[in-house]
There are 2 protein chains.
Amino acid sequence: MVGTAIRTAIGSRRASAAGRETRERILDAAERLFAESGYSNVSTRQIADEARSNIAAAHYHFGSKEGLLEAVLGRRLDGINAERERLLTQCMRDAGGRPAIQDVLEAFIGPTLRLSKTEEGRRFNLLTGRASTDPNPEVKRILFQVYDSVGRCFVEAAAAACPDLSKAELFWRLTCVYGAMMYIRADNGRLQHLFGPGFTLSDVDGALKYAMPFLTTGMQAPPSAAAAPDATPSRREDD
Amino acid sequence: MVGTAIRTAIGSRRASAAGRETRERILDAAERLFAESGYSNVSTRQIADEARSNIAAAHYHFGSKEGLLEAVLGRRLDGINAERERLLTQCMRDAGGRPAIQDVLEAFIGPTLRLSKTEEGRRFNLLTGRASTDPNPEVKRILFQVYDSVGRCFVEAAAAACPDLSKAELFWRLTCVYGAMMYIRADNGRLQHLFGPGFTLSDVDGALKYAMPFLTTGMQAPPSAAAAPDATPSRREDD
DNA sequence: CCATAATTCAAGCATCTGCTTCAAGCAAGT
DNA sequence: ACTTGCTTGAAGCAGATGCTTGAATTATGG
């Protein structure tokens, strides 16, 4: 029987100090390697080696490679997403249901962006940024699950902050915001390469000073229906 | 000796009609599977099966899995990137070196965006969108090579269109633009999931109508140094 | 101190990976 | 007709993959 021992370990009931320690070492190693090479390109053997541990130990603690990824993400995201939800509901409450869009963006993007101030936080952002476009069904499932709740809060708050936008327009604008945020995190190096040394996406201050205002301005732009000459204002293509 | 036969095949000298046909079938199959599951998650065997062909045939025509990806990308991107470069230099010339930013964005993003009007084009955008954050060194190398030239043109044209922006600010704004574009292409389904049925990133008209104006507005925003209260205008942090 | 449970280990299993080999098939050009 | 070189096929290689096994080791509560 596999079940009992693993479940108690995973549920971390009665876990020994030594057990917890190697558990953390494995999580650290997996985080580092997943961020560097992507989930599919890392083997459980590599992770065990990097953690100065054993493959079986990893499976004992996490059940499977998929479970390991889930634990790696949960370890940091649980706290961060709770913080984001707290900030989002708070700025909704403080503004009586009509928050400023910059507060909404700050509440959603700020907490993850600021992670990049530490090296391990930067690595974690790289991991989640890359995972966000990972086609592997296991990865997709885990991300959907982890981000579902805070994502809903964000969309709701953004809609409240931009009541003049149609649902379709909000969808496209948030797509741009989401995409920019993820791209900054995934940090593929293309633009750094074109701009030369000295420009890096892990520069949190630069992101806060330049990227956030760009996104805020875009969100505040008047609805396209009014600006676009070919739009028929009487006929909305959503809802 | 491996060399001679493969090189002539790869250089497609003296290729027979039958040879060209299976070559295309393999490219189609690889494109479809790479787009669907990502480069690392697809095996040469799957590709051969999907193409109703043989592993050896794939290696005969493309030398390696890496060479196959290169061919898949080159088949479509060579034309598209040439078109983008043509449009970029044209709008630079027409405007006497001071193009409008919306023309620059349209020249860079438009050609790829419009690909999504056909099913196979949509699939190709999915492939390149996902590849853009792929950590696999083979994938990165190929993308850098393929996008280097047109990327340079784009940055140059954008800089000419926004002469008031510092290099750092341009860097961050283009990062947002690039990120939004890639995210639309990679189409991970997160926001569609939150917005419900009827919202899709392959809706080219929606992207042109809503996403492009968002990005244009963001690029046209006044420099952050002026807007941000904590910025010291006399001290630029770049160049 | 010792029984019981938690943890780690070396070894192995079945399957898959990219790629190669070598023989057979095919389409010309002469 | 027949040689020549391009193209495909079946089989196989060495190594990697996720995961399991069963025994050994370690920690901990009684």
Side-chain angles (χ1 to χ4, degrees), chain A residues 1-27 29-30 33-34 37-71 136-139, chain B residues 1-27 29-30 33-34 37-71 136-139:
Chain A
M1 279 298 97
V2 183
T4 66
I6 286 189
R7 266 196 223 103
T8 57
I10 288 177
S12 68
R13 278 182 297 187
R14 227 188 298 221
S16 78
R20 252 176 286 120
E21 209 229 292
T22 56
R23 212 186 114 97
E24 287 296 311
R25 270 214 321 281
I26 292 172
L27 283 176
L33 290 172
F34 284 158
S37 308
Y39 178 75
S40 305
N41 298 313
V42 173
S43 71
T44 53
R45 261 162 259 260
Q46 282 176 268
I47 295 171
D49 287 354
E50 173 95 4
R52 280 160 298 120
S53 174
N54 187 282
I55 317 172
H59 279 96
Y60 170 76
H61 283 289
F62 305 102
S64 66
K65 191 186 174 187
E66 194 174 342
L68 178 53
L69 175 62
E70 208 161 344
N136 188 316
E138 303 171 23
V139 178
Chain B
M1 279 296 101
V2 183
T4 67
I6 287 190
R7 268 199 221 102
T8 57
I10 288 178
S12 68
R13 278 183 296 187
R14 225 186 304 216
S16 79
R20 252 177 284 121
E21 208 228 293
T22 56
R23 212 187 114 98
E24 288 296 310
R25 271 215 319 283
I26 293 172
L27 283 176
L33 291 171
F34 285 159
S37 309
Y39 179 75
S40 305
N41 297 312
V42 173
S43 70
T44 52
R45 260 163 260 258
Q46 283 176 267
I47 295 171
D49 287 354
E50 174 96 3
R52 282 161 298 120
S53 173
N54 188 282
I55 317 172
H59 278 96
Y60 170 75
H61 283 289
F62 306 102
S64 65
K65 191 185 175 188
E66 194 173 343
L68 178 52
L69 176 62
E70 209 162 344
N136 188 316
E138 303 169 24
V139 179

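Quick note: numbers below take in every heavy atom, side chains included, and nothing from hydrogens, waters or symmetry partners. Numbered from 1 within each chain, the chains take letters A, B, ... in sequence-line order. These figures come from a predicted structure and were not determined experimentally.
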Can you check whether [X] reaches [Y] side chain to side chain, under 4.5 Å on heavy atoms?
X        : Y         : answer
Leu69(A) : Glu138(A) : no
Phe62(B) : Arg23(B)  : yes
His61(A) : Leu27(A)  : no

CA sep, side-chain torsions, deciding dist, call: Arg20(A), Glu24(A), salt bridge (charged side-chain N to carboxylate O under 4.0 Å, His left out): CA-CA 6 Å; Arg20(A) 252 176 286 120; Glu24(A) 287 296 311; over 6 Å; no
For [X] and [N], give me the distance from atom [atom1] to atom [atom2], rounded to whole Å.
X        : N       : atom1 : atom2 : result
Lys65(B) : dC16(C) : NZ    : C1'   : 12 Å
Asp49(B) : dG18(C) : CG    : P     : 12 Å
Leu33(A) : dA16(D) : CG    : C1'   : 16 Å
His59(A) : dC19(D) : NE2   : P     : 4 Å
Glu24(A) : dT8(C)  : CD    : P     : 12 Å
Asn41(A) : dG18(D) : CG    : P     : 11 Å
Phe62(A) : dA6(C)  : CZ    : C1'   : 15 Å
Ile26(B) : dT7(D)  : CD1   : P     : 11 Å

Five-pair end axes of the helix from dC1(C)-dG30(D) to dT30(C)-dA1(D) and the angle they enclose, rounded to 10°: 10°
Taking all non-hydrogen atoms of both residues, which atom of [X] and which atom of [Y] are closest, and how far apart?
X        : Y        : result
Ala51(A) : Arg25(A) : O-NE, 2.8 Å
Ile55(A) : Ala48(A) : N-CB, 3.6 Å
Lys65(B) : Val42(B) : NZ-O, 2.8 Å

Is the backbone N or O of Gly67(B) less than 3.5 Å from a side-chain atom of Ser64(B), with the two atoms forming a donor-acceptor pair by type? yes
Establish, with yes or no, whether the OP1 or OP2 oxygen of dG18(C) is under 4.0 angstrom from a side-chain nitrogen or oxygen of Thr44(B). yes
Under 4.0 Å: is that the gap between some side-chain N or O of Ser43(B) and OP1 or OP2 of dC16(C)? no
Output one line per pair: protein atom, nucleotide atom from nucleotides 8-15 of chain D, and distance, for all N/O pairs under 3.5 Å.
residue, atom, partner, partner atom, Å
dT8(D), OP1, Thr22(B), OG1, 2.6
dT8(D), OP2, Thr22(B), OG1, 3.2
dT8(D), OP2, His61(B), NE2, 2.8

Taking side chain to side chain donor-acceptor pair (under 3.5 Å) as the definition, give me every residue that meets it alongside Asn54(B), ordered by chain and number, with sequence neighbours left out. none
